[in-house]
Structure formats: C-alpha cells, structure tokens
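Structure, as structure tokens:
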Amino acid sequence: MPELAEVEHFRRRWAVAVGERIRTVSVHRNARVFRACDVAALVEDLPGRRLLSSEAAGKQMLFGFSGGAWLGIHLGMTGSLEFVNPDATATATATDTATATAPAPAPADRHDHLVLETPSGRLVFRDPRLFGRIRFDRGRGAPAWWLAIPPPLTSDEFMLADLGTFLDRRAKSPLKAVLLMQERFPGVGNWMADEILWRAELHPARQAGSLDLPERRRLYRWLRWVCRESMRVVAPSFADPPASWLFRHRWSDGGLCPRTGHALVRETIGGRTTCWSPGRQPSPRKLVKKSTSRG
DNA sequence: TCCTATGTTGTATG
DNA sequence: ACATACAACATAGG
C-alpha cells in the first residue's frame with residue numbers, strides 16, 4: 001500500500017501516542033525487517049522513554065524519543081502502522097504484567113513484528129511480506145540516513161531545474177523507472193508514477209532524456225500536483241482518490257481511461273506493472289516517426 | 001498450480 | 001566510477 005500520502009497516514013496513526021511513555025517492547029527479533037537494526041539495543045533501550053516526535057519524508061518515517069533515541073520505519077510493500085486501544089478485558093491482564101522484569105513475549109500475531117506498549121494502547125508495526133525495514137539509532141540529532149532524504153517534492157526547494165538535471169543523468173531509462181527513484185522523488189511509488197505520467201500526457205516508456213522543455217514543465221507540474229493532492233485527499237483518512245483519477249481504474253485488466261473512455265493498457269515497464277492510456281500518452285515510436293523530414 | 005502484488009537492493013553487465 | 005537491467009527477498013490471494 002504505502003506511497004507518499006499513505007505513509008503520512010500511517011505516521012498519524014502512531015502520532016496519537018506522542019507524549020506517552022513506552023512501557024514494553026515486543027518483537028519478532030529474527031524477522032527480516034530488522035536486518036539493518038540492532039534489535040537487542042532497541043528492546044533494552046526504548047522502555048521508559050517517551051515518544052516525542054514523528055515525521056514522514058517520502059516513504060520513510062522517523063519517531064523521536066526522549067533521551068536521544070530514534071526509530072526509523074519503512075513500510076516496504078505491505079507494511080502498516082496501527083494504534084490499538086486495549087479493550088476492557090485486555091486492559092486488566094496487560095496492566096498486571098507491566099512491572100514484570102521478564103522479557104516481553106513476542107507479539108501474538110505472526111505478522112506483528114514490533115509492538116510498543118504505552119499506558120493507553122499499543123503501537124503496532126505489521127508487515128506480512130517483510131520488505132519493510134526498522135532502524136534504531138541513538139544520538140542528539142536525527143540520524144544521517146534521515147538527513148540525507150531530499151526535500152519534499154511539493155516544496156520550493158524542488159525546482160524544474162532539479163528535475164531536468166536528473167532526467168538528463170538518467171537519459172536512457174524509461175520515465176517510469178526514473179520516477180520511482182527515491183533519491184530524487186521521495187515518496188513516488190508505482191501508482192503515483194502512473195498517475196503523474198497519465199496527467200502529464202507522457203508515455204511511461206519514453207526515455208527520460210528525450211523530453212523537450214514543454215514536456216519537462218508538464219512533468220514537473222503534475223508531479224507536484226499528484227503529491228499535493230494525494231496528501232490532501234488520502235493522508236487524513238486513507239480515502240481512495242476520486243474516480244477522475246487513473247488510480248481508480250488502473251488495478252485490473254479491462255479498465256477504461258476516465259478522460260478518453262478507451263481501454264487502458266497494462267504492461268511491464270521499468271520492471272513494474274505500468275498502466276497508461278494509449279490515446280492520451282503517445283508512444284515513443286510515434287514521436288520518433290514525426291521527425292522524418294530532412295532538408 | 002501459476003500468477004500477481006502501492007518496494008528496495010545486490011549483482012552483473014555495458 | 002557511473003548507468004542500466006533484473007533477480008531476489010517472503011507471503012497472501014485470485
């Protein structure tokens with residue numbers, strides 16, 4: 001599920017516990033999501049600390065704790081965050097074990113790899129497919145990997161020239177693959193890339209370096225628009241975008257373009273299933289053909 | 001049984 | 001060193 005706005009939505013789910021103290025930490029310590037994480041440090045360090053802050057940047061999240069501890073979360077393909085209020089019966093039993101010194105048991109659900117218990121509930125990280133990633137860092141300021149994430153695509157720091165530079169550096173790659181590169185387009189994922197290219201009327205297989213200036217302007221404009229609008233529409237409630245978006249038609253075979261009414265096409269481009277509207281997004285082959293005249 | 005899946009990364013090749 | 005392409009990761013559901 002998680003691209004830019006969905007990640008922001010999950011961040012907000014955990015943010016309800018900002019200010020609360022972590023009472024216990026339970027983990028599936030051998031889960032792949034901890035491959036870049038010192039699990040022992042996390043489990044020993046976090047209890048007693050207070051959750052102070054939460055941020056999302058692209059598909060990454062960072063939760064800050066009192067005393068200089070940082071929990072980084074990437075949701076991979078199937079990760080999610082949830083805050084679970086204990087029901088009345090569960091509260092009694094959970095409270096009784098709170099003072100116990102024995103290590104916290106592993107979470108009951110096999111896909112819940114990290115659970116932070118607070119006085120009012122449980123912060124749950126779930127990820128069936130295990131492509132997600134948990135990081136734990138200590139220090140006064142945010143960790144280096146976090147600071148290296150480029151600025152939001154909706155901000156003034158991301159300019160047309162930045163887009164142009166990157167397109168030229170990846171000149172031979174299809175636009176679809178280029179838009180998925182997080183080092184330049186943090187938060188853009190498979191459905192967002194298709195949505196952007198569809199709105200910009202650019203075929204996903206076009207080589208990045210082949211775009212003229214008007215096309216670059218279009219890409220820039222709709223890239224920012226999709227980021228802004230998805231944040232506005234999706235982040236608060238996890239709502240689907242309106243039916244006027246490609247999003248609502250791209251998932252299965254037989255979908256129709258909401259602009260042209262003609263059949264959408266689905267094909268693998270840049271290693272990912274890609275959906276586009278042939279009547280709206282002219283193929284690279286056709287574009288090449290138009291320059292046949294020679295003086 | 002086979003195919004697909006809203007993501008990243010390691011590795012091979014040019 | 002850089003750019004590009006793709007298999008691999010692990011699980012669930014159609």
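What's counted below: heavy atoms across the whole structure, side chains too, no hydrogens, waters or symmetry copies. Naming convention: chains lettered A, B, ... in sequence-line order (proteins, then strands); numbering from 1 in each chain.
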Under 4.0 angstrom between [X] side-chain N/O and [N] OP1 or OP2:
X	N	answer
A/Arg110	C/dA12	yes
A/His111	C/dA10	no
A/Arg133	B/dG7	no
A/Thr273	B/dA5	yes
A/Gln182	B/dT8	yes

Rounded to whole Å, please give me the gap between [atom1] in [X] and [atom2] in [N].
X	N	atom1	atom2	value
A/Leu130	B/dA5	CG	P	20 Å
A/Lys176	C/dC6	NZ	C1'	16 Å
A/Trp251	C/dG14	CH2	P	16 Å
A/Ile73	B/dG7	CD1	C1'	16 Å
A/Leu75	B/dT8	CG	C1'	13 Å
A/Arg126	C/dA12	CZ	P	13 Å
A/Leu175	C/dA5	CG	P	12 Å
A/Glu183	B/dT9	CD	C1'	12 Å

Counting heavy atoms from C-beta on, name the nucleotide in C/dA12, C/dA5, B/dG7 closest to the side chain of A/Arg272.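 Taking heavy atoms from C-beta onward, the closest nucleotide is B/dG7.
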
What's the closest nucleotide to the A/Met77 side chain, out of B/dA5, B/dT8, C/dA12?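 Among B/dA5, B/dT8, C/dA12, the one nearest the side chain of A/Met77 is B/dA5.
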
Under a 3.5 Å cut-off for both distances, is C/dA5 Watson-Crick or wobble paired, and to whom?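 B/dT11 - that is the nucleotide pairing with C/dA5, both distances being under 3.5 Å.
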
Given that both distances must come in under 3.5 Å, which nucleotide forms a Watson-Crick or G-U wobble pair with B/dC2?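 Paired with B/dC2, as far as the under-3.5 Å criterion goes, is C/dG14.
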
Stacking of A/Phe131 on C/dC9 base (centres under 5.5 Å, planes under 30°):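 A/Phe131 vs C/dC9: stacking yes.
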
Which residues in residues 163-173 of chain A have a heavy atom closer than 4.0 Å to any atom of DNA chain B?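 When residues 163-173 of chain A is checked for heavy atoms under 4.0 Å from DNA chain B, there are no hits whatsoever.
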
Inspect the surroundings of CE in A/Met159 and state if more than 12 heavy atoms from other residues, nucleotides or ligands are less than 6.0 Å away.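 Count not over threshold, so no.
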
Stacked cation flag A/Arg135 on A/Trp145, 6.0 angstrom / 45 deg: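 So A/Arg135 does make the cation-pi contact.
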
Does A/Trp222 have A/Arg217 sitting over its ring (NZ/CZ under 6.0 Å from centre, angle to axis within 45°)?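 The answer is no, since A/Arg217 fails at least one limit relative to A/Trp222.
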
Step by step, would you call A/Ser120 with A/Glu20 a side chain to side chain donor-acceptor pair (under 3.5 Å)? CA-CA 8 Å; A/Ser120 70; A/Glu20 293 195 43; 2.6 Å; yes

Heavy-atom donor-acceptor pair, A/Arg129 side-chain to C/dA12 base, under 3.5 Å: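 Under the 3.5 Å cut-off, the side chain and the base do not form any donor-acceptor pair.
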
Would you indicate what A/Gly271 reaches in the nucleic acid, counting non-hydrogen atoms under 4.0 angstrom: base, sugar-phosphate, or nothing?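 The residue A/Gly271 makes no contact with any strand.
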
Test log, rule salt bridge (Lys or Arg N to Asp or Glu O under 4.0 Å), inputs A/Asp212 and A/Arg218: CA-CA 10 Å; A/Asp212 62 24; A/Arg218 254 150 54 202; 5.8 Å; no

Determine whether the aromatic ring centres of residues A/Trp225 and A/Trp245 are separated by less than 6.0 angstrom.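 For A/Trp245 and A/Trp225, the ring centres are under 6.0 Å apart.
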
Would you call A/Arg206-A/Glu215 a salt bridge at under 4.0 Å N-O?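 A salt bridge is present here (some side-chain N lies under 4.0 Å from a carboxylate O).
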
Mind jotting down which residue pairs meet the ring-ring contact (aromatic ring centres under 6.0 Å, His included) criterion with at least one end in residues 119-143 of chain A? Sequence neighbours excluded, please.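 Of all non-adjacent pairs touching residues 119-143 of chain A, none passes ring-ring contact (aromatic ring centres under 6.0 Å, His included).
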
